[in-house]
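We name chains A, B, ... by the order of the sequence lines, and we start the count at 1 in each one. Note that these values count all heavy atoms, side chains included, but never hydrogens, waters or copies made by symmetry. These numbers come from a predicted model, not from an experiment.
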There are 2 protein chains.
Amino acid sequence: MTHDREQTGLRERKKARTRQALVAAALRLFAERGFDAVTTEEIAAEADVSQRTLFRYFASKEEIVLSVHDQIEEGFRLKLAARPAEEHPFTAMVNAFADAWSELEPADVAAQLQVLRISNDSSRLHGARQERVCSHQNRLALLIARRAGVDPRLDPRPELLTAAFTSALQVAFGRSCRAAGQDNLLEAVDECLALLPTALTADWDTANTPAHTSTPDADGQILPVGG
Amino acid sequence: MTHDREQTGLRERKKARTRQALVAAALRLFAERGFDAVTTEEIAAEADVSQRTLFRYFASKEEIVLSVHDQIEEGFRLKLAARPAEEHPFTAMVNAFADAWSELEPADVAAQLQVLRISNDSSRLHGARQERVCSHQNRLALLIARRAGVDPRLDPRPELLTAAFTSALQVAFGRSCRAAGQDNLLEAVDECLALLPTALTADWDTANTPAHTSTPDADGQILPVGG
DNA sequence: AAGATTATGGCAGCAACTGACACTTGGCAA
DNA sequence: TTGCCAAGTGTCAGTTGCTGCCATAATCTT
């Protein structure tokens, strides 16, 4: 990712630059006016290419945004595959998530957050993103099944675990976007992943509410999850 | 639902009939040729209305299919609100699901299954459905929060619980559709909902695999969920 | 430098929608 | 019953996402 200048030819460099320009233009315009209020022709004009070229780089308007989202999902799967096999599947996913985000550069982090914000703007885009998350989750399930040595077609638990994990992440993303603060995403994720197992099992409608529920302005981490 | 003939006027009856004809035509055509291969004009022609009229009844092509899906989600929320307050939130949702499906007529059950099958056919439709599921899950979270007496903006557990529950349902739906048999949906749901809590917590990568994992052709219910 | 490969642009066209307008139909009261 | 008003419908034009086709221009190879 650092110096592939001499490896690739001019053609590939140009393509990468065009693609990058399209993504940058799209994200900026979407953030300014919202996903639905920006046409593909405007994005293409902003990146100094024709609309036809835009659709040669991205299969759809949503794809431009989702391509950014794909980066971190792919990184997450790579990190998961690299986690030691002794770890519990859930722990491995929690740590893989932290690994993937920790190696992002600040600009990439900002792009990811912007994608989350933009996704909440349009129901069309949100649906497309959900579908991506779904197929990502399916690939996660295969990784988990292989790691645990079970047949994913007989045992539903890999799918169930990854589905619960992924949806907890979505909850954290949603809450983080809804909150006024901007850089609380990691904390929201930590909190949600820590609460997920107990939310299912414990009798939380009676007494043992989590500590911060009664003290909403606690700013410390609820439970450290990183490795 | 049985005899509202004398309550409503001719105008409303006509509207209901048109709407029903559109849904029936769409489902049939989609099942025959796939969601993407059917145009809205064809659906309109099949229901003897103009394309413009179709879009006065449904906001989008996906909406025609999703309107069927909405019925059961709405029924589910009604049943959940009717469950006794003493039940654990998770148990209440499991029972509400069974309640909602048990009161469906056979034709409605068939329609729901067809919707699931059609949804897997098109990525666009699948994304739209996921988005519906998402907003449904948000409303579920509000119901659960009220039932448990917690503030959903401070306590993420209602969202987490409903997200995990909903995604477990999706897993069950997907597995049921992928399976060769046709009427195993309820069993798949029972199995997934029963396995969900343990999939998160227990060390299932070592020993305690569920009973039917080694005996895939067990046909009994894994765990009764009804009330 | 010439030829092969590949990226790009322009254009026509399809399908999902939408707004505007005219027309028909059902509901309701004089 | 008659007549008026509201509501449903069809037609048409137009926008937008997206694709196939072909000509052109840029890059790579030899």
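With sequence neighbours left out, Q112(A) forms a side chain to side chain donor-acceptor pair (under 3.5 Å) with no residue at all. Taking E46(B) as the reference, A25(B), R28(B), L29(B) meet the side-chain contact (heavy atoms from CB on, under 4.5 Å) condition, with sequence neighbours excluded. In this view, S119(B) satisfies the side chain to side chain donor-acceptor pair (under 3.5 Å) rule with no residue, not counting sequence neighbours. The salt bridge (charged side-chain N to carboxylate O under 4.0 Å, His left out) test applied to D70(A) returns R132(A), not counting sequence neighbours. Residues satisfying the side chain to side chain donor-acceptor pair (under 3.5 Å) criterion with E32(A), sequence neighbours excluded, are absent altogether. Annotation: side chain to side chain donor-acceptor pair (under 3.5 Å) contacts of T39(A) (sequence neighbours excluded): E42(A). Under the ring pair (Phe, Tyr, Trp, His ring centres under 6.0 Å) criterion, H126(A) pairs with no residue at all, not counting sequence neighbours. Contacts of R175(B) classified as salt bridge (charged side-chain N to carboxylate O under 4.0 Å, His left out), with partners at least two apart in sequence or in another chain: E159(A).
Heavy atoms from other residues, nucleotides or ligands lying under 6.0 Å from CZ of R153(B) number 12 at most. Within a 6.0 Å radius of CZ in R146(A), no more than 12 heavy atoms belonging to other residues, nucleotides or ligands are found.
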For nucleotides 3-7 of chain D, which of its nitrogen or oxygen atoms have a protein nitrogen or oxygen under 3.5 Å away, and what is each distance?
{"residue": "dA7(D)", "atom": "O4'", "partner": "R11(B)", "partner atom": "NH1", "Å": "3.2"}

Could you write out each protein N or O paired with an N or O of nucleotides 11-14 of chain D at a distance under 3.5 Å?
none

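Side-chain atoms of Q51(B) and R56(B) include no donor-acceptor pair closer than 3.5 Å.
Side-chain contact between L125(B) and D36(B): absent, with no pair of heavy atoms (C-beta onward) separated by less than 4.5 Å.
Between dA26(D) and K14(A), no contact under 4.0 Å exists linking OP1 or OP2 to a side-chain N or O. At the phosphate of dG8(D), neither OP1 nor OP2 sits under 4.0 Å from any side-chain N or O atom of Y57(B).
Atom CZ in R19(B) sits roughly 12 Å away from atom P in dT9(D) (whole-Å rounding).
For the segment residues 23-44 of chain B, the set of residues with a heavy atom within less than 4.0 Å of an atom of DNA chain C comprises V38(B), T39(B), T40(B), in numerical order.
Of the two residues near DNA chain C, L10(B) and S60(B), the one whose nearest nucleotide lies more 5' is S60(B). Residue whose closest nucleotide on DNA chain C sits further toward the 5' end, between F55(B) and V49(A): V49(A).
Nucleic acid contact for F58(B): none, since no nucleic acid atom lies under 4.0 Å from a heavy atom of the residue.
With a 6.0 Å cutoff to the six-membered ring centre and a 45° limit on the axis angle, K79(B) does not count as a cation-pi contact of F97(B).
Contacts between chain A and DNA chain C, taken as any atom within less than 4.0 angstrom of a protein heavy atom, begin and end at dT5(C) to dC17(C).
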